[in-house]
Number of protein chains: 2
Amino acid sequence: MSTTRRTPRARPETLAKRTEILRAATATFGAKGYARGPLTEIADQVGITHAGILHHFGSKDQLLVEVLKFRDRTDVEGLQDQRMPDGLDRFRHLVRTAFANESRHGIVQAYAVLSAESVTEDHPGRAYFEERYRTLRQDLRDAFEDVCAERGITAPATVDRAAASILAVMDGLQVQWLLARDDVELGEASAFAIEALVAATLDPRPPVLGEPGAAPGDHDAAAGS
Amino acid sequence: MSTTRRTPRARPETLAKRTEILRAATATFGAKGYARGPLTEIADQVGITHAGILHHFGSKDQLLVEVLKFRDRTDVEGLQDQRMPDGLDRFRHLVRTAFANESRHGIVQAYAVLSAESVTEDHPGRAYFEERYRTLRQDLRDAFEDVCAERGITAPATVDRAAASILAVMDGLQVQWLLARDDVELGEASAFAIEALVAATLDPRPPVLGEPGAAPGDHDAAAGS
DNA sequence: GGGAGGTTACTACACTGTCAGTAAGTGAAT
DNA sequence: ATTCACTTACTGACAGTGTAGTAACCTCCC
């Protein structure tokens with residue numbers, strides 16, 4: 001936890017190689033998923049053997065964890081000088097990210113595939129994604145609280161749902177976009193949805209569908225339709 | 001090849017066994033994903049060997065396709081007497097489904113895992129999910145058009161984005177719910193989001209975030225945050 | 001010269017798919 | 001109603017492949 005600097009001496013060359021491996025692993029896990037992404041394919045991309053990869057990362061599981069951490073690290077570097085925006089800017093930032101993602105197919109796919117795969121039995125990435133979503137939801141709740149405080153209104157109880165929904169819609173749109181890039185506009189659709197969800201949270205309107213006492217006990221059967 | 005399977009004679013016993021296999025396969029693929037869901041585990045559940053499974057379905061790929069088709073078949077049976085609702089009821093139906101899904105963990109997980117996995121290279125389920133989402137989006141677009149026609153308004157250009165977003169938010173919430181069932185209320189959050197997206201589509205308001213000419217060309221780097 | 005960054009060679013599995021064979025039907029014709 | 005020709009529903013053994021991990025050895029650089 002504390003000083004996880006497992007490799008004491010980091011020669012610059014070595015560090016570069018490791019980064020190269022992490023990038024290659026992202027590509028392979030993105031293209032084939034973790035379960036079907038062989039170490040040999042990753043090794044080929046960086047011109048070594050699969051045993052060389054294991055020399056650096058110990059195990060495939062560990063490699064996945066490092067890949068995930070690596071992404072977070074570089075993401076933060078992307079806006080190192082400017083702090084993560086807060087208030088409404090936090091949501092604008094999400095929209096910008098969605099547009100930017102349209103030209104980052106590989107990473108989008110890696111995250112989409114790995115996050116869903118992580119819910120399976122004994123998946124090495126599970127803890128990472130649990131933590132990630134928990135943090136992001138908290139993050140967005142905070143942004144909502146900020147905006148409400150600024151406006152002198154009390155944050156509604158729906159901020160929980162809104163925070164989860166915003167992340168959800170971004171993820172879900174990514175999957176649809178990956179399956180049909182001609183039919184789904186990732187950036188535009190995300191912008192629309194985030195706008196709608198933020199508006200509904202900050203300035204609620206009477207329900208269109210009528211929900212309050214809606215009986216959940218329903219003998220209905222359509223998994224995702 | 002040579003002695004191909006000519007639509008095997010459907011003895012009632014056999015059909016029952018096949019259904020049993022499909023159910024077991026759903027469980028295994030749900031729990032472990034397709035890539036990591038071995039035929040032997042499915043076979044064990046129904047008391048035969050993995051070769052027996054292959055006798056019925058020819059290949060693992062084919063089994064997956066049948067599993068997916070099977071789900072659709074049973075889903076439709078669930079509301080055979082009453083047609084799929086249209087207009088606003090279509091959206092209410094989605095909300096009810098989301099609540100119902102809270103007690104159908106296994107199927108939800110199977111769909112969440114398999115849909116994301118399907119975007120990977122040469123995945124046997126890809127065509128199915130492409131088709132599924134295309135159909136569902138069209139379905140929701142139609143529902144929007146109906147409501148707009150009823151109200152004598154012209155459907156806005158955002159119906160495309162809204163349709164994709166509604167499906168997206170449902171899927172995305174499922175993943176978060178599977179990762180943290182105590183923190184995410186699948187039904188309630190889906191209800192909130194669908195309500196918000198339908199309202200924003202049918203009765204648009206001025207933007208809170210301000211988007212029109214927002215420059216997409218942004219040197220930003222946060223994959224999913 | 002000692003350790004970091006590899007390699008080759010190998011072990012040990014975990015799976016999928018094939019194949020030959022068997023037992024239990026099925027459906028005429030006898 | 002029994003026999004004969006054939007099919008269905010498997011089993012058990014195994015081939016083949018893909019793959020993670022290990023061990024021993026090489027080979028530079030500091």
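No experiment lies behind these values; they were computed from the predicted model shown. Note on naming: letters A, B, ... go to the chains in the order of the sequence lines (proteins, then strands), and numbering restarts at 1 for each one.
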If you measure from CD1 on B/Ile42 to OG1 on B/Thr26, what distance do you get to the nearest 0.5 Å? 8.5 Å
From CG (B/Leu178) to OH (B/Tyr111), nearest 0.5 Å: 14.5 Å
Charged N to carboxylate O under 4.0 angstrom, B/Lys69 versus B/Asp72? no
Once you round it to whole Å, what is the distance between C1' of C/dC15 and CZ of B/Phe29? 13 Å
How many whole angstroms separate atom CD of B/Glu13 from atom C1' of D/dT7? 15 Å
Of all residues at least two apart in sequence or in a different chain, which pass the salt bridge (charged side-chain N to carboxylate O under 4.0 Å, His left out) check with B/Asp139? B/Arg90
Which residue is it: B/Leu136, B/Asp171, B/Ile194? I am looking for the one with a side-chain contact (heavy atoms from CB on, under 4.5 Å) to B/Ile166. B/Ile194
Among residues at least two apart in sequence or on other chains, which ones pass side-chain contact (heavy atoms from CB on, under 4.5 Å) with A/His55? none
Please report the distance, rounded to the nearest Å, between CG in B/Leu64 and P in C/dT16. 12 Å
Rounded to whole angstroms, how far apart are CZ on B/Phe57 and C1' on D/dT8? 15 Å
Within residues 115-127 of chain B, the residues having a heavy atom closer than 4.0 Å to DNA chain C are none
Looking at residues at least two apart in the chain, or sitting in another chain, which of them share a salt bridge (charged side-chain N to carboxylate O under 4.0 Å, His left out) with A/Glu121? none
With A/Phe91 via ring pair (Phe, Tyr, Trp, His ring centres under 6.0 Å) - residues at least two apart: A/Phe144
Between B/Arg126 and B/Glu130, does any NZ, NE, NH1 or NH2 come within less than 4.0 Å of an OD or OE carboxylate oxygen? yes
Would you list the protein and nucleotides 20-24 of chain C atom pairs, both N or O, that sit under 3.5 Å from each other?
none

Rounded to the nearest Å, what distance is computed from the CD atom of residue A/Glu20 to the P atom of nucleotide C/dG5? 14 Å
What pairs of residues pass the side-chain hydrogen bond (donor to acceptor under 3.5 Å, both in side chains) test when at least one of them lies in residues 32-44 of chain B, not counting sequence neighbours? B/Thr28-B/Glu41, B/Lys32-B/Glu41, B/Tyr34-B/Asp61
Could you work out how much the helix from C/dG1-D/dC30 to C/dT30-D/dA1 bends, comparing the axis of its first five pairs with that of its last five, to 10°? 10°
Across all chains, not counting sequence neighbours, the salt bridge (charged side-chain N to carboxylate O under 4.0 Å, His left out) partners of B/Glu102 are none
Taking atom C1' of C/dT8 as reference, at what distance in whole Å does atom CD1 of A/Ile48 sit? 14 Å
To the nearest angstrom, how far is B/His56 atom NE2 from D/dT7 atom P? 18 Å
Can you sort out the partners of A/Ile48 under side-chain contact (heavy atoms from CB on, under 4.5 Å), two or more places apart, ordered by chain and number? A/Lys17, A/Ile21, A/Ala43, A/Val46, A/Ile53
Scan nucleotides 12-25 of chain D nucleotide by nucleotide, 5' to 3', and note B when protein non-hydrogen atoms come under 4.0 Å of the base, S if they reach only the sugar-phosphate, - if neither. B------SBBB---
Can you list the residues that meet the side-chain contact (heavy atoms from CB on, under 4.5 Å) rule with A/Arg23, with sequence neighbours excluded? A/Thr19, A/Phe70
Presence of A/His55 side-chain N/O under 4.0 Å of C/dG6 phosphate oxygens OP1/OP2: no
